[in-house]
Number of protein chains: 2
Amino acid sequence: MTIVFNDREKCGSCPIRHRAICARCDDDELAQLENIKFYKTFEAGQPIIWRGDELTAFSSVVIGIASLSRTMEDGRTQVVGLLLPSDFIGRPGREYVDFDVTAVTDVTLCQFQRKPFENLVEDVPHISQRMMEMALDELNAAREWMVLLGRKTAREKIATFLEMIVRRSTVPSHSVTTYTLPLTREEIGDFLGLTLETISRQLSKMKREGIIEFEGRRNFVIKDLAALHLATGDDADGGVIV
Amino acid sequence: MTIVFNDREKCGSCPIRHRAICARCDDDELAQLENIKFYKTFEAGQPIIWRGDELTAFSSVVIGIASLSRTMEDGRTQVVGLLLPSDFIGRPGREYVDFDVTAVTDVTLCQFQRKPFENLVEDVPHISQRMMEMALDELNAAREWMVLLGRKTAREKIATFLEMIVRRSTVPSHSVTTYTLPLTREEIGDFLGLTLETISRQLSKMKREGIIEFEGRRNFVIKDLAALHLATGDDADGGVIV
DNA sequence: CATCGTTGTTGATCTGAATCAAAGCGGCTT
DNA sequence: AAGCCGCTTTGATTCAGATCAACAACGATG
């Protein structure tokens, strides 16, 4: 499960602010969290936890990006979600995970011991309320992605992906906004249900059309945001419902 | 959002037992639910609520099947979930819905007025805990479906769909177990990200191979469960993690 | 700075599913 | 019973994206 935190300055020494856990926590609850908390880091490409493994701790991503994926017996793999800083791994009341979690970049996790954390969820009502909201946000995102996987063309998929990168990027410091692809072409393919060759070809096509421009392999600039959005196949309002 | 209830005999006059709401409710809480509850029916094919519409009530399906879907501007549609009896429509703290909800068969809903229901969620901790669990179950199901949409072949998709029908069907009374497709070929296609012709062709092929047998258009018998499972492309354990 | 491994690009070809098209059912109405 | 309508099947053809293959660009390493 993936949980989004906000920017409330709490939760002791954590470099990020745990909205889910802390937004409405009192000092006593914060102290409890502080007691059961520890950090762990993973190198890019390393598995964090495998499908079916026992979950000894709940974790939130502090730095880096992890992927949630499933690989079929013959090697076909589908990425079902990206875990960005402040997203959450684990689920109260279940002691194993259902998907592989892999560090895409170097990743630092803030982990909470399972049993004490579960007790806290049980005892403190606003935590489960917040976790319900976050799970529902994730559920919505997953369903939007189902539309992409089931019905969009390669071009639409990639345009949607690029737009997502732009939307989820932290606001950059430069005036010319350069964004970074956090994934290889192969990983993007596994996320969009395409092959790496198709990703490469479609990106080249958009480059030729003047929609995007690359600086190296990973960094890109949006030259024509309107054309990019048009290519997504989404409604004009960009998915926001009035 | 979709929520699964259990078979606890509670919640007053409701023909089904609302696990989420009632499993741990005391008499006072049940009385409150009873006060804000009413029924509504929809004919097969009718829209129940459109994407973006204001949500005046939370509903659980009592009888029938509804679909959750998104239609793109050019008519491509993707079904992102099926709502079976005891599934739930609506989400606390949000006054609109993100997908179209349509009655697939005749549908009876048990509805709860929005504001009082939200208050109940806020006041009674075990309700949000249970709703969190249900949301996470749905999230898992959605992610499994993402693997299907992104990486499975037409044959694998249909085998997985048939297996799902079998798994989710209420145990039949006959010794020869006949199952019923709740959807037309077109609806199955929209659920699996395929066209109705592909559905028809693949079903014919499985019929020819002796895996299934049809009685009319909608009713079928599994003649070779092992072959069906093999065709899903899933692990041998059927997705259950030990 | 030469080498090697990884990642990315581009071309040629193949193929699974979509699309286009035409019948074949049932079930319903009149 | 005839006719109609929505659903389904089946065939012919097309096409988007996969697959196979070669090479280019880059970064790390000695």
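Quick note on labels: first sequence line is chain A, next is B, and so on, each numbered from 1.
Listed candidates were dT10(C), dT19(C), dT7(C). Nearest to the side chain of Glu197(B) is dT19(C). Looking at the side chain of Thr153(B), the nearest of the listed nucleotides dA17(C), dT10(C), dT9(C) is dA17(C). With dA17(C), dT10(C), dT9(C) as the candidates, the nucleotide lying closest to the side chain of Leu196(A) is dT9(C). Side-chain proximity of Arg201(B) to dT19(C), dG8(C), dA12(C): nearest is dT19(C).
Using bins of under 30°, 30° to 60° and over 60° for the plane-to-plane angle, the ring pair Phe214(B)/Phe220(B) lands in the tilted bin.
In this entry the distance linking NZ of Lys205(A) with C1' of dG8(C) reads 19 Å, nearest Å. Straight-line distance from the CZ atom of Arg185(B) to the P atom of dA17(C): 18 Å, rounded to whole Å. Remark: P of dG8(C) and CD1 of Ile158(A) are 13 Å apart, rounded to the nearest angstrom. Counting to the nearest Å, the P atom of dG8(C) and the CG atom of Asn219(A) are 12 Å from each other. Taking atom CZ of Arg76(B) as the reference point, atom P of dA18(C) lies 13 Å away to the nearest angstrom. Put simply, CZ on Phe220(A) is 14 Å from P on dG8(C), counting in whole angstrom units.
The pair Arg201(A)-Glu197(A) fails the salt-bridge criterion, with no side-chain N (NZ, NE, NH1 or NH2) lying under 4.0 Å from an Asp/Glu carboxylate O. Between Arg94(B) and Glu54(B) there is no salt bridge, since no side-chain nitrogen of the basic residue lies less than 4.0 Å from a carboxylate oxygen of the acidic one. Under the 4.0 Å criterion applied to side-chain N and carboxylate O atoms, Arg151(A) and Asp190(B) are assigned as salt-bridge partners.
Counting non-hydrogen atoms under 4.0 angstrom, Arg218(A) reaches the backbone sugars and phosphates but no base. At a threshold of 4.0 angstrom between heavy atoms, the contacts of Arg217(B) include nucleobase atoms, whether or not backbone atoms are also involved. Thr195(A) comes within 4.0 angstrom of a base, heavy atoms only. Within 4.0 Å of Thr184(B), counting heavy atoms only, lie sugar-phosphate atoms of the nucleic acid but no base atom. The residue Gly193(B) sits close only to the backbone: its heavy atoms come under 4.0 Å of sugar-phosphate atoms, none of a base.
Taking every nucleotide of DNA chain D with any atom under 4.0 Å from a non-hydrogen atom of chain B, the first and last of them, 5' to 3', are dG6(D) to dA12(D).
When each of Arg151(A) and Ile199(A) is assigned the nucleotide of DNA chain C with its nearest heavy atom, Ile199(A) is the one assigned upstream, toward the 5' end.
Judged by distance alone, the side chains of Thr232(A) and Glu156(A) never bring a donor and an acceptor atom under 3.5 Å apart. A donor-acceptor pair shorter than 3.5 Å cannot be found between the side chains of Thr108(A) and Lys40(A).
Counted within 6.0 Å of CD on Glu43(B), heavy atoms from surrounding residues, nucleotides or ligands total 12 or fewer; the atom is thus considered open.
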